[in-house]
Visitor: 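Before anything else, here's the structure in question.
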2 protein chains.
Amino acid sequence: MHKPRAEMIAQTRAKLVAAARQAFGTAGYADASMDDFTSAVGLTRGALYHHFGDKKGLLEAVIAEIDAEMDARLLAVSSRSQSQWQGFVDECTAYLEMALEPEIQRIVLRDGPSVLGDPATWPNQNKCILSMSANLKRLSADGIIRPGDPEALARLLNGALLHAASWIANSPEPEATSRRAVEGIKDLLNGLLRFPVATPANASGC
Amino acid sequence: MHKPRAEMIAQTRAKLVAAARQAFGTAGYADASMDDFTSAVGLTRGALYHHFGDKKGLLEAVIAEIDAEMDARLLAVSSRSQSQWQGFVDECTAYLEMALEPEIQRIVLRDGPSVLGDPATWPNQNKCILSMSANLKRLSADGIIRPGDPEALARLLNGALLHAASWIANSPEPEATSRRAVEGIKDLLNGLLRFPVATPANASGC
DNA sequence: TATAATAACATACGCAGCGTATGTCGATGT
DNA sequence: ACATCGACATACGCTGCGTATGTTATTATA
């Protein structure tokens, strides 16, 4: 029964990450006081520096946690799709929807790049890109889309999706804007198909 | 001879903006000390607070200046193109190249969104979007591209271009990556055309 | 032209927040 | 059992922001 040591440690780390995630997500990284959100879970900055080195280290941990969740959610979505093409479109849509969440917008998409540098330099951010480019590679090999550079396309589409999310989130009418964005994305993706479907309306079919 | 008052004021503002632009572009917004870069041009924080209210206000001014320069450069590029389609492609390429500059990356693309909120909420950032969507609208009306939502497409392409710029800038081989990105963009844009041109890569299709 | 008013700054002060250095206590290994 | 070490808390100094308060020169007014 004497093994709760490692558990306590993990719990402390988890509490710190959770507290920081809450604070970063609402107040933003710069305005989140380490004294405040550590004491909110009954700890001090001492524990924080011991486990994460500094404030940036904690942000990295928070982002890693969020990124892992995003990856799992994307995996769950694509595993439920029938056709390859449909799975790809579904993943794009799910990615866009996730990017709409304020916590992800604030921590991963805005403060993250500012504090930790460009996401392209992170070890994590590749997860989504890799998954996306793998999909595109298969689609290209199977002749479903026109030949091209899968990774380049994945990065371009990734940027388009993230930007669309910001557009939607800050729109006065998010619902309508979301529909416009999704239509636009389908339009873009449709242009990649070797044999595009006739009308944009049923671009998601196939 | 007595009119240098307004001139001196404008000069002070310009010096502050220039100093801040230099500091923000190299050290980043968070690590740029107001005391440091004001004294670098023979002023103090007093002048800064008088003219710009606070540090964020100064960042807004810096971004506005950079944005105006970007807009002028884009205008110059598109005015030199013959066809509408070529002009659009040229503008996209120029936009990508500008987004490669470290100063723009750091100030406008990373720190700006983090400090001032999403660019979609700025009054300026619309310049490029508006110009882009106007181009797309004309292209659509003239039947050069397939029908669609010009503004949505503009935002998606804008995101793709910005993301591509980050990808290139942080790539170990920027030259090669740049070529891949440009090819990918052309591929994407080509998919928008009503009658896609045959590229060496997909000469057999369509 | 003398003086009042105001704008353009500089100076001075207080305070929040980060990082480090140091201390304490309980768990683990032998 | 005792020594060691890891997991935190405490204490301290320093940087840097914002504000409140001068100081000086230009403009307005009489």
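Chain A is the first sequence line, chain B the second, and so forth, proteins listed ahead of strands; every chain is numbered from 1. Quick caveat: nothing in here was measured; it's all calculated off a predicted structure. Both backbone and side-chain heavy atoms feed into the values below; hydrogens, waters and symmetry mates do not.
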Visitor: To the nearest Å, how far apart are F52(B) CZ and dC17(D) C1'?
Guide: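 About 17 Å, once rounded to whole Å.
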
Visitor: Pick out the pairs of N or O atoms, protein on one side and nucleotides 7-9 of chain D on the other, that lie under 3.5 Å.
Guide:
residue, atom, partner, partner atom, Å
dA7(D), OP2, H50(A), NE2, 3.0
dC8(D), OP1, T12(A), OG1, 3.1
dC8(D), OP2, H51(A), NE2, 2.7
dA9(D), OP2, T44(A), N, 3.0
dA9(D), OP2, T44(A), OG1, 2.6
dA9(D), O5', T44(A), OG1, 3.4

Visitor: Heavy atoms under 4.0 Å, any strand shown: does A30(B) hit a base, just sugar-phosphate, or nothing?
Guide: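 It contacts nothing in the nucleic acid.
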
Visitor: Pairing donors with acceptors under 3.5 angstrom, does anything connect the side chains of S81(A) and Q86(A)?
Guide: no

Visitor: Measuring only between side-chain heavy atoms, which start at C-beta, is S133(A) closer than 4.5 Å to L153(A)?
Guide: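 Result no, sub-4.5 Å side-chain heavy-atom pair not found.
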
Visitor: Could you tell me the separation between the NZ atom of K56(A) and the C1' atom of dG19(C), rounded to a whole number of Å?
Guide: 14 Å

Visitor: Without decimals, in angstroms, what is the distance between K55(A) NZ and dG19(C) P?
Guide: 8 Å

Visitor: Please check: side-chain N/O of N170(B) versus main-chain N/O of T121(A), any donor-acceptor pairing under 3.5 Å?
Guide: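 Side chain of N170(B) to backbone of T121(A): no pair is present.
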
Visitor: Please identify each residue that fulfils salt bridge (Lys or Arg N to Asp or Glu O under 4.0 Å) with R138(A), with sequence neighbours left out.
Guide: none

Visitor: Filter on salt bridge (charged side-chain N to carboxylate O under 4.0 Å, His left out), then keep only pairs touching residues 43-63 of chain B, sequence neighbours left out; what's left?
Guide: D35(B)-R45(B)

Visitor: Using salt bridge (charged side-chain N to carboxylate O under 4.0 Å, His left out), reason through E151(B) and K137(B) one step at a time and then give a plain yes or no.
Guide: CA-CA 8 Å; E151(B) 187 190 351; K137(B) 208 168 189 174; over 6 Å; no

Visitor: Given atom CG of L58(A) and atom C1' of dG17(C), what is their separation to the nearest angstrom?
Guide: 15 Å

Visitor: Whole-Å distance between dC13(C) P and Y49(B) OH?
Guide: 18 Å

Visitor: Using whole Å, report how far CG of D35(B) lies from C1' of dT11(C).
Guide: 12 Å

